[in-house]
2 protein chains.
Amino acid sequence: MVVAARRRPGRPRAGEVSVDRLELLASAERLIRREGPRVSLEAIAAEAGVTKPIVYHHIGGKDAVVQGLARRLNDRQGEVSRRAVAGVEDPAEAIRAFVDGYLEQLETDRNLYLYVTGASPGSGDVLALADRSATGLARLLVEIRGHDGNAPASAIAWAYGIIGMLHFVSLWWLRDADRTHAELAEQLTELLWTGLRGEGGDRT
Amino acid sequence: MVVAARRRPGRPRAGEVSVDRLELLASAERLIRREGPRVSLEAIAAEAGVTKPIVYHHIGGKDAVVQGLARRLNDRQGEVSRRAVAGVEDPAEAIRAFVDGYLEQLETDRNLYLYVTGASPGSGDVLALADRSATGLARLLVEIRGHDGNAPASAIAWAYGIIGMLHFVSLWWLRDADRTHAELAEQLTELLWTGLRGEGGDRT
DNA sequence: ATGATTAATATACCGCAGGTAGATTAAGTC
DNA sequence: GACTTAATCTACCTGCGGTATATTAATCAT
């Protein structure tokens with residue numbers, strides 16, 4: 001394991017650049033990708049060539065690190081999904097593309113995803129990182145559906161529900177992967193689009 | 001805080017009853033209900049009037065305790081939901097009753113639920129306790145839907161998805177409760193039953 | 001009876017991870 | 001050049017999960 005050379009204590013000399021928040025997050029991400037989701041703050045600091053207090057100074061506690069990584073992950077995943085959906089007309093097909101993009105990205109960000117979602121020291125930590133996605137998704141839901149008249153109240157509930165659904169399916173799929181992301185996306189889309197009622201619906 | 005009198009070290013005298021697995025779990029549940037989801041194993045042991053190693057002897061590590069409590073919680077919640085659904089003909093109404101029962105039970109088991117779901121030391125722990133529910137639900141899905149021909153493969157994915165959905169919505173609802181469980185059940189049922197497609201569906 | 005074995009317990013410790021206080025070095029400033 | 005300030009490291013504290021070992025008493029073999 002190649003550890004970056006540690007600095008001397010004390011203020012760095014004039015020319016030396018100091019680490020910043022961004023660099024720390026990038027280091028954390030690199031380490032997690034390489035070593036898996038069970039890395040300590042100390043290891044993260046070491047990966048950046050600094051020590052724990054620096055992480056606290058620039059970012060904050062572990063929760064803040066998780067938050068920061070979650071944000072990057074969210075943004076990247078949002079970007080992928082947005083690109084996948086772009087130009088797709090049929091809404092069901094759009095959902096399929098969205099989910100498929102989500103799952104495909106998940107495979108490459110696997111460790112990062114596990115770190116971010118698996119790090120719940122207290123309790124309501126998993127939610128904190130779902131909040132951003134949820135509000136965004138809720139907006140989208142209101143937009144595309146109008147939500148049957150007057151109730152955007154249900155949109156936020158739906159958003160959390162959908163995110164939870166994707167999350168759990170993701171964890172399960174990452175653990176015992178027994179199908180391709182394309183297959184899984186297809187299956188999830190069916191549930192999301194037509195619901196448990198199925199294709200039949202009101203036709204009878 | 002009334003702490004049960006600790007025993008003397010050594011084998012208990014002839015008449016004295018010894019704690020068993022069931023009693024330990026009951027104590028843990030009682031403590032969590034009273035003190036919230038952030039209780040240590042040591043506190044759980046103390047609540048039962050014993051010490052940590054006893055918990056390890058009778059149950060196992062923390063994971064085992066969580067598992068045990070999760071099982072009780074699952075069973076109770078399953079019971080409530082089963083009773084709520086009994087005799088309901090309309091499938092959509094059955095779903096609504098199921099979800100409503102789930103949410104109502106959640107309010108009384110709040111702390112326990114948070115303890116069980118929030119305790120993820122490593123990573124894939126949340127899944128472990130979802131597994132039982134998921135396989136059961138998957139069976140149910142295959143049963144009531146036949147799953148459109150030949151694919152029970154998607155049933156398990158749907159099951160994890162639905163459980164994840166309920167889970168996330170539950171966490172969110174427990175945190176910022178802004179509606180009644182009846183309202184939320186109604187909204188979730190709409191999503192689960194008709195899907196994002198909505199009532200319209202194939203009618204056009 | 002009495003010594004050896006076994007069951008059931010408590011005490012005391014280990015290691016790790018998150019978090020923090022205080023020492024350390026050098027740059028800026030008057 | 002002395003003083004303040006910035007940025008860093010070292011060293012520690014705490015809480016928790018987990019375990020090794022001592023302690024007590026019942027049980028069993030002789």
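Residue numbering restarts at 1 for every chain, and letters A, B, ... go by the order of the sequence lines.
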Colleague: Inspect the contact between B/Asp131 and A/Arg175 and indicate whether a charged nitrogen and a carboxylate oxygen are less than 4.0 angstrom apart.
Modeller: yes

Colleague: Less than 4.0 angstrom from a charged side-chain N to a carboxylate O is my criterion; do B/Arg33 and B/Asp109 meet it?
Modeller: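 Between B/Asp109 and B/Arg33 there is a salt bridge, with a charged N closer than 4.0 Å to a carboxylate O.
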
Colleague: Without decimals, in angstroms, what is the distance between B/Asp20 CG and C/dT9 P?
Modeller: 10 Å

Colleague: As a test of reading the structure: which of C/dA21, D/dA20, D/dT8 is closest to the side chain of A/Val19, going by heavy atoms?
Modeller: D/dT8

Colleague: Over 60° means perpendicular and under 30° means parallel, so classify the ring planes of A/Tyr102 and A/Tyr113, tilted if in between.
Modeller: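 A/Tyr113 and A/Tyr102: perpendicular rings.
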
Colleague: Rounded to whole Å, please give me the gap between CD1 in A/Ile54 and P in D/dC9.
Modeller: 5 Å

Colleague: Whole-Å distance between C/dT9 C1' and B/Tyr56 OH?
Modeller: 16 Å

Colleague: Which whole-number value in Å describes the distance from B/Arg38 CZ to C/dG18 C1'?
Modeller: 13 Å

Colleague: Rounded to the nearest angstrom, tell me the gap between atom NZ in A/Lys52 and atom C1' in C/dT20.
Modeller: 9 Å

Colleague: Among B/Trp173, B/Phe168, B/Trp172, which one satisfies ring pair (Phe, Tyr, Trp, His ring centres under 6.0 Å) with A/Tyr160?
Modeller: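 Going through the options one by one, the only one that passes is B/Trp172.
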
Colleague: Would one find a side-chain N or O of B/His58 under 4.0 angstrom from OP1 or OP2 of C/dT9?
Modeller: yes

Colleague: Walk me through it: do B/Val66 and B/Arg71 pass the test side-chain contact (heavy atoms from CB on, under 4.5 Å)?
Modeller: CA-CA 8 Å; B/Val66 171; B/Arg71 187 162 187 146; over 6 Å; no

Colleague: For A/Pro53 and for A/His57, find the nucleotide of DNA chain D with the closest heavy atom, then tell me which residue's nucleotide is more 5'.
Modeller: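 So the residue in question is A/His57.
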
Colleague: Round to a whole Å and report the spacing from CG of B/Leu41 to P of D/dG18.
Modeller: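 Distance, rounded to whole Å: 7 Å.
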
Colleague: Under 3.5 Å for both pairing distances: what stems, at least three Watson-Crick or G-U pairs long, include DNA chain C?
Modeller: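 The stems are C:1-30 with D:1-30.
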
Colleague: Can you establish whether the number of heavy atoms outside A/Glu107 located under 6.0 Å from its atom CD is more than 12?
Modeller: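 Buried by this count: over 12 neighbours within 6.0 Å.
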
Colleague: How long is the line joining CD of B/Glu42 and P of C/dT11, in whole Å?
Modeller: 10 Å

Colleague: Under 3.5 Å, is there a donor-acceptor pair linking the side chains of B/His58 and B/Asp20?
Modeller: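 B/Asp20 and B/His58 do not have a side-chain donor-acceptor pair below 3.5 Å.
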
Colleague: Using a distance-only criterion (donor-acceptor N/O pair, under 3.5 Å, no hydrogens), is the base of C/dG19 paired with the side chain of A/Lys62?
Modeller: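 Counting by modelled atom types and ignoring angles, no donor-acceptor contact under 3.5 Å is found here.
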
Colleague: Which of the following nucleotides, D/dG18, C/dG18, C/dA10, is nearest to the side chain of A/Ser40?
Modeller: C/dG18

Colleague: Whole-Å distance between C/dA17 C1' and A/Ile44 CD1?
Modeller: 12 Å

